[in-house]
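This report refers to the structure that appears directly beneath it.
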Number of protein chains: 2
Amino acid sequence: MRKLSQHTICTKKKCFSAETIRRLSLYLRNLRRFKENNVKIISSGEISKCSNVSPEQFRRDLSYFGEFGKRGVGYEIERLISELESILGIDKEWRVALVGVGSLGSALLRFEGFSKFHLKIICAFDIDNNKIGKNFSGVKIHSVENLAEVIKTDNMEIAIIATLPDVAQDVADKLMGAGIKGILNFAPVALRTNDDVFISDVDMACELESLIFFVDQRKTDKEEEKERNLSFEG
Amino acid sequence: MRKLSQHTICTKKKCFSAETIRRLSLYLRNLRRFKENNVKIISSGEISKCSNVSPEQFRRDLSYFGEFGKRGVGYEIERLISELESILGIDKEWRVALVGVGSLGSALLRFEGFSKFHLKIICAFDIDNNKIGKNFSGVKIHSVENLAEVIKTDNMEIAIIATLPDVAQDVADKLMGAGIKGILNFAPVALRTNDDVFISDVDMACELESLIFFVDQRKTDKEEEKERNLSFEG
DNA sequence: CTCACTTTGTTTATCCTTTCACAAGCTCAT
DNA sequence: ATGAGCTTGTGAAAGGATAAACAAAGTGAG
């Protein structure tokens with residue numbers, strides 16, 4: 001069992017957390033936006049502001065991997081982008097498999113955020129006979145029965161699970177058997193996996209529920225304050 | 001600017017992080033699964049195992065809010081579920097607005113994870129005239145032009161942004177103007193917000209990119225090891 | 001009733017992440 | 001060339017989160 005969120009990696013330089021990596025990916029996206037606007041040089045202050053972190057955080061995150069800036073000047077955007085792409089491993093093309101072409105799955109097939117940057121969903125799997133054999137957004141839908149075969153032939157390493165929760169574990173087992181090394185899991189269950197596979201959970205219900213906690217908390221805080229004020233007056 | 005991920009809350013008891021809240025939501029889901037299987041009592045060991053945390057972590061997380069277990073016995077599932085629902089604030093019904101009924105948005109409308117537990121998407125907004133006025137999964141699509149009006153009339157507090165990134169900031173501004181207090185953001189941009197609003201980002205591209213980092217890292221580690229072995233033999 | 005065995009709740013210690021503070025290095029005006 | 005004014009990179013301190021350890025409390029067999 002290997003959860004990404006509590007994973008630490010040690011290089012010759014130092015130990016850093018999975019959180020650092022997630023931030024690098026965020027920096028990268030923001031840098032690309034600056035590049036599109038023809039900005040050439042950027043300081044840690046600016047890039048960190050639009051990424052909602054402190055400048056020190058940004059510099060520290062980079063420092064685990066080398067020195068990419070010029071003192072007194074800042075960072076050359078073009079270079080930093082390609083350095084980050086290389087660090088993250090997305091300078092190569094990654095061929096991704098998708099399991100579950102329901103409403104979420106087909107949304108993912110159309111999602112630009114993946115296709116834009118070297119992350120190509122190459123094939124998809126479903127159990128629905130109406131879908132099998134057809135093309136969705138240019139991607140062929142296979143039967144889950146052929147999952148191992150297709151994935152092994154294509155030598156794929158990354159998969160996305162977008163199935164209903166009840167079958168997610170079964171799918172994960174099949175994927176691991178076929179040699180998949182990383183799973184992006186949208187099904188709201190904690191998958192049991194072996195140590196060879198990295199799991200990253202995208203849990204929308206959890207996110208929404210914790211958001212609600214904070215909104216609710218704020219609300220009751222305000223109500224209590226109001227009551228206190230009333231009792232002062234009374 | 002108020003990011004959920006780096007938020008800490010202080011009660012009379014102690015300070016805890018947003019991560020604690022996300023874990024509570026996870027425990028809750030797993031507890032519901034146990035309840036469906038007619039389990040009545042559970043120990044911190046069991047519930048923590050299926051949530052991928054340590055038993056101490058689980059007990060610590062609960063301890064911020066009170067004592068819910070019986071020593072020597074464990075936790076009564078039914079009670080713990082309703083306590084957690086109360087803590088998270090999802091014992092009440094929350095009326096959620098959705099902005100952007102594209103492929104992702106309509107997937108969210110159909111997503112069971114929300115509708116199952118007191119989280120109801122009540123209305124949706126889009127700019128596409130072909131969609132406005134129609135019903136998607138029983139939810140009426142309004143024009144974004146009427147956003148403020150509809151949200152204020154309905155007194156809604158939570159919204160989901162599932163638009164393209166370019167318009168996300170504009171939508172967020174409109175939502176805040178209409179009195180929205182929490183935003184679940186699927187658009188891959190860092191939103192600028194005032195301190196009255198909580199933002200929770202669900203960033204699928206970041207997740208996938210950081211997953212790829214770990215898979216890639218593992219791969220190059222193995223290749224290096226193989227090379228070392230070869231040079232030993234040579 | 002008593003004692004061995006569980007399991008929770010919490011204090012204490014450890015570890016890790018973030019922030020602070022500053023030295024090192026670059027640029028440009030004079 | 002030189003010094004003022006930036007900005008980076010990083011050692012050290014501070015702050016939080018996790019883990020270890022243990023006390024408190026319940027159960028059940030004998």
Side-chain angles (χ1 to χ4, degrees), chain A residues 1 3-24 26-27 31 34 39-49 51-77 79-80 83-84 87 210, chain B residues 3-24 26-27 31 39-49 51-77 79-80 83-84 87 210:
Chain A
M1 198 115 49
K3 255 191 90 185
L4 217 80
S5 59
Q6 52 198 44
H7 204 75
T8 57
I9 288 277
C10 296
T11 63
K12 301 110 214 174
K13 303 207 79 175
K14 257 199 175 171
C15 289
F16 55 89
S17 70
E19 212 53 37
T20 293
I21 302 302
R22 207 166 285 130
R23 282 193 299 264
L24 289 186
L26 185 61
Y27 304 149
L31 285 167
F34 278 104
V39 185
K40 301 290 179 198
I41 303 276
I42 198 170
S43 70
S44 62
E46 280 177 274
I47 178 69
S48 65
K49 207 195 304 175
S51 309
N52 277 338
V53 301
S54 69
E56 298 83 7
Q57 179 82 268
F58 172 78
R59 299 205 298 273
R60 167 82 57 198
D61 283 341
L62 288 186
S63 78
Y64 294 125
F65 301 94
E67 302 192 4
F68 307 112
K70 247 192 199 147
R71 298 176 186 214
V73 184
Y75 301 85
E76 197 196 322
I77 290 191
R79 158 143 190 251
L80 190 52
E83 293 280 7
L84 285 177
I87 292 167
S210 57
Chain B
K3 255 190 91 185
L4 216 84
S5 59
Q6 50 200 44
H7 204 75
T8 56
I9 288 275
C10 296
T11 63
K12 302 109 214 174
K13 302 205 79 174
K14 257 196 177 173
C15 288
F16 54 89
S17 70
E19 212 52 39
T20 294
I21 302 301
R22 207 166 285 130
R23 281 194 299 266
L24 289 186
L26 184 63
Y27 303 149
L31 285 167
V39 184
K40 300 291 179 198
I41 303 275
I42 197 168
S43 70
S44 61
E46 279 177 277
I47 178 68
S48 65
K49 206 193 307 174
S51 308
N52 277 338
V53 300
S54 69
E56 297 83 6
Q57 179 82 265
F58 172 79
R59 299 205 298 271
R60 162 82 55 201
D61 284 340
L62 287 186
S63 78
Y64 294 125
F65 301 94
E67 303 191 5
F68 307 112
K70 248 196 197 141
R71 299 177 185 212
V73 183
Y75 301 85
E76 198 196 321
I77 289 190
R79 158 143 188 250
L80 191 51
E83 294 280 7
L84 284 177
I87 292 168
S210 58

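Lettering follows sequence order; numbering is per chain, from 1.
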Using whole Å, what does the distance between atom [atom2] of nucleotide [N] and atom [atom1] of [X] come to?
X	N	atom1	atom2	answer
B/Glu83	C/dG9	CD	P	11 Å
B/Asp61	C/dT8	CG	C1'	14 Å
B/Glu46	C/dT6	CD	P	14 Å

Each nucleotide N or O in nucleotides 28-30 of chain C that has a protein N or O under 3.5 Å away: list the pair and distance.
none

Please list, pair by pair, any protein nitrogen or oxygen found under 3.5 Å from a nitrogen or oxygen in nucleotides 20-22 of chain D.
none

I want to check one thing: is the phosphate of C/dT19, taken as OP1 and OP2, less than 4.0 Å away from some side-chain N or O of A/Ser54?
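Yes, A/Ser54 has a side-chain N/O under 4.0 Å of OP1/OP2 on C/dT19.
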
With sequence neighbours excluded, residues passing salt bridge (charged side-chain N to carboxylate O under 4.0 Å, His left out) with B/Glu46:
none

Can the ring centres of A/Tyr27 and A/Phe58 be said to be less than 6.0 Å apart?
yes

side-chain contact (heavy atoms from CB on, under 4.5 Å) test vs B/Asp61 passes for just one of B/Val53, B/Leu24, B/Leu26, B/Ile21, namely B/Leu24

Taking the minimum atom-to-atom distance to the side chain of A/Gln57, which one of D/dT10, D/dT8, C/dT19 wins?
C/dT19

Polar atoms only, N or O, under 3.5 Å: list the protein pairs with nucleotides 23-27 of chain C and their distances.
residue: C/dA24; atom: O4'; partner: A/Arg71; partner atom: NH1; Å: 3.4
residue: C/dA24; atom: N3; partner: A/Arg71; partner atom: NH1; Å: 2.9
residue: C/dG25; atom: N2; partner: A/Gly72; partner atom: N; Å: 3.0
residue: C/dC26; atom: O4'; partner: A/Arg71; partner atom: O; Å: 3.0

Got a sec, which residues hit side-chain hydrogen bond (donor to acceptor under 3.5 Å, both in side chains) with B/Glu56, two or more places apart in sequence or on another chain?
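Counting only residues at least two positions away or on another chain, B/Glu56 forms a side-chain hydrogen bond (donor to acceptor under 3.5 Å, both in side chains) with B/Ser54.
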
Across all chains, not counting sequence neighbours, the side-chain hydrogen bond (donor to acceptor under 3.5 Å, both in side chains) partners of B/Arg71 are none

